[in-house]
Amino acid sequence: MTAKLIDDESYVEEYTEDFVGNWDKLIGWDGRRKSESGFFHRLLNAYGVESVADIACGTGFHSVVLAEDGFKVTACDGSANMIERAKQNVVQSGVELVDTRVVDWRELHKAFGPEAFDSLVCLGNAFSHLFEHESRRDALESMFKVLRPGGILIIDHRNYDSILDEGYSTKHEFYYTGKGVDARPVIISRTMCKFQYSFPNGDRHTLQLYPLRQNYMSHLLEDAGFVDVTRYGDFERPYDHYDVDFIQQVAFKP
Ligand code: SAM
């Protein structure tokens with residue numbers, strides 16, 4: 001039997017019910033709230049954002065936090081398992097969202113129509129799930145369409161420059177703050193990094209991700225028509241190119 005090759009739809013199968021059931025233990029909502037310390041809220045507020053689409057909402061962490069902060073939030077994700085869990089978390093948290101539904105990034109414009117949002121956030125290293133350059137372009141084109149002029153897009157990713165050039169190390173844990181969990185690459189190559197996520201109960205899950213280099217991601221955003229692309233490292237600017245774990249890329253639709 002030959003192994004199935006990774007493609008741009010593989011994420012749907014990778015986020016099994018079991019993995020999704022463990023996801024909140026991995027990110028640890030309280031720890032992540034602390035480590036972000038209002039970064040996204042401050043940034044969106046500074047640009048007068050009212051409506052936000054959390055387009056890789058996963059189990060709903062940012063959707064809930066941003067709704068608590070007063071933004072009008074739409075949550076979507078291409079994984080039905082994630083959306084089901086997000087809906088449960090939204091009910092449990094008591095916030096109200098505008099909408100919560102399954103949408104692939106390449107279909108955002110069909111789902112929501114043009115200029116529907118002041119802002120889009122695509123967080124948690126999600127954009128690494130696309131393996132084809134053309135799929136990344138299609139996804140960014142669709143994101144561009146659903147943003148209003150002047151709107152802001154935030155995409156984050158691991159510091160793959162550091163992983164590829166210097167090997168994996170993590171100094172701080174900003175994103176995966178759950179107790180007793182571990183997230184680390186078991187395969188590192190220029191075209192694919194396989195990460196393993198381990199949990200205290202012995203569960204293990206893997207994700208195959210495309211290692212987005214910092215400059216490549218910024219150029220992709222510019223190529224899609226976004227302007228004023230600015231990068232943060234672990235929520236700060238300026239930052240040391242290699243000495244941060246996660247990169248936040250902020251871009252505007254002119
Ligand atoms: N943002 C959440 C967080 O930080 O906890 C989830 C991050 S998880 C690493 C990546 C998410 O992106 C998954 O929920 C996955 O289903 C979603 N995703 C991956 N590729 C996608 C695509 N092409 N369209 C829509 N969602 C996608």
Side-chain angles (χ1 to χ4, degrees), residues 6-33 35-36 39-40 52-67 73-90 93 97 100-112 120-143 146 153-158 160 173-178 181 183 185 193-197 205-212 235 245-248:
I6 186 83
D7 64 28
D8 295 332
E9 271 59 54
S10 300
Y11 73 95
V12 173
E13 287 169 21
E14 288 184 305
Y15 289 106
T16 60
E17 274 180 37
D18 283 351
F19 193 8
V20 169
N22 275 325
W23 191 258
D24 288 334
K25 290 180 214 147
L26 177 69
I27 60 176
W29 283 39
D30 289 342
R32 193 148 175 205
R33 222 184 274 259
S35 78
E36 290 184 355
F39 173 83
F40 297 108
V52 185
D54 180 10
I55 61 172
C57 72
T59 54
F61 170 74
H62 287 102
S63 298
V64 167
V65 169
L66 291 172
V73 180
T74 297
C76 59
D77 194 289
S79 154
N81 288 341
M82 283 294 197
I83 286 295
E84 206 176 306
R85 180 56 63 128
K87 283 183 177 168
Q88 291 165 12
N89 284 337
V90 167
S93 69
L97 303 190
T100 308
R101 60 166 132 155
V102 178
V103 185
D104 186 279
W105 302 324
R106 291 156 286 184
E107 305 285 324
L108 286 167
H109 60 293
K110 293 186 192 154
F112 298 112
L120 303 179
V121 296
C122 181
L123 303 176
N125 196 35
F127 204 70
S128 303
H129 278 289
L130 292 178
F131 276 79
E132 294 291 329
H133 176 75
E134 289 307 320
S135 298
R136 287 177 215 121
R137 291 181 60 139
D138 290 346
L140 289 178
E141 194 181 315
S142 189
M143 293 178 197
V146 299
L153 166 66
I154 309 176
I155 292 185
D156 68 4
H157 54 90
R158 278 186 182 273
Y160 290 109
E173 270 304 339
F174 283 96
Y175 279 46
Y176 305 118
T177 69
V181 300
C193 288
K194 185 172 185 174
F195 279 81
Q196 180 173 272
Y197 305 83
H205 306 277
T206 55
L207 289 177
Q208 299 186 76
L209 298 164
Y210 181 82
L212 294 163
F235 311 115
D245 289 339
F246 287 90
I247 308 298
Q248 296 79 34

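As the structure lists them, so they are numbered: ligands from 1, and atoms in each ligand from 1.
- The closest approach between a heavy atom of Y15 and any atom of ligand 1 is below 4.0 Å.
- Of all atoms in ligand 1, listed by their number and element, those nearer than 4.0 Å to a heavy atom of A126 are 10 (C), 11 (C), 12 (O).
- Checked against a 3.5 angstrom limit, the closest N/O atoms of L130 and ligand 1 fall outside it.
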message = Working note: S10 + D7, criterion side-chain hydrogen bond (donor to acceptor under 3.5 Å, both in side chains); need CA distance, chi angles, decisive distance, verdict.
response = CA-CA 5 Å; S10 300; D7 64 28; 3.2 Å; yes
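- Close contacts of ligand 1 with V103, meaning ligand atoms under 4.0 Å from a residue heavy atom, involve 25 (C).
- Below 30°, between 30° and 60°, or above 60°: for Y210 and F131 the angle between ring planes is above 60°, a perpendicular geometry.
- Near H129, meaning under 4.0 Å from one of its heavy atoms, ligand 1 places the atoms 10 (C), 19 (C), 20 (N).
- Taking every heavy atom of R106 and a limit of under 4.0 angstrom, the matching atoms of ligand 1 come to 23 (N).
- F19 and Y197 have tilted rings, their planes meeting at an angle from 30° to 60° on a 0 to 90° scale.
- Here the straight-line distance linking atom CG of L123 with atom CZ of R32 works out to 7.0 Å at 0.5 Å rounding.
- In this structure, the side chain of E14 engages the main chain of Q208 through a donor-acceptor pair within 3.5 Å.
- Between D245 atom CG and N125 atom CG the span is 11.5 Å, to the nearest 0.5 Å.
- Each of the atoms 4 (O), 7 (C), 9 (C) of ligand 1 lies under 4.0 Å from some heavy atom of G124.
- When W105, Y197, F195 are ranked by how near their heavy atoms come to atom 24 (N) of ligand 1, first place goes to W105.
- Considering A80, A183, G78 only, the shortest heavy-atom separation from atom 25 (C) of ligand 1 involves G78.
- For ligand 1 and S79, the ligand atoms under 4.0 Å from any heavy atom of the residue are 16 (O).
- Looking only at heavy atoms of the protein, atom 2 (C) of ligand 1 is closest to A56 O, 3.3 Å.
- For D77, a nitrogen or oxygen atom sits less than 3.5 Å from a nitrogen or oxygen atom of ligand 1, counting backbone and side chain alike.
- An N or O contact shorter than 3.5 Å links R32 to ligand 1 by distance.
- No heavy atom of T59 sits closer than 4.0 Å to any atom of ligand 1.
- Looking at ligand 1, you won't find any N or O of N125 less than 3.5 Å from one of its N or O atoms.
- Checked by distance only, ligand 1 and C57 stay at 3.5 Å or farther apart across all their nitrogen or oxygen atoms.
- Heavy-atom contacts from other residues, nucleotides or ligands closer than 6.0 Å to CD of Q88 number more than 12.
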Check against side chain to side chain contact (heavy atoms under 4.5 Å, CB included), E84 and V20 = CA-CA 10 Å; E84 206 176 306; V20 169; over 6 Å; no
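- For atom 23 (N) of ligand 1, the closest non-hydrogen atom of the protein is D104 OD2, 3.1 Å.
- The shortest N or O to N or O distance between M82 and ligand 1 is not under 3.5 Å.
- For CD of E17, the number of neighbouring non-hydrogen atoms (other residues, nucleotides, ligands) closer than 6.0 Å is 12 at most.
- Considering backbone and side-chain atoms alike, W23 places an N or O below 3.5 Å from some N or O of ligand 1.
- Taking CD1 of I247 as the reference point, atom CG of D156 lies at 9.5 Å (rounded to 0.5 Å).
- Atom CH2 in W23 sits 13.0 Å away from atom CZ in R85 (nearest 0.5 Å).
- Relative orientation of the Y11 and H129 rings is tilted, given thresholds of 30° and 60° on the angle between their planes.
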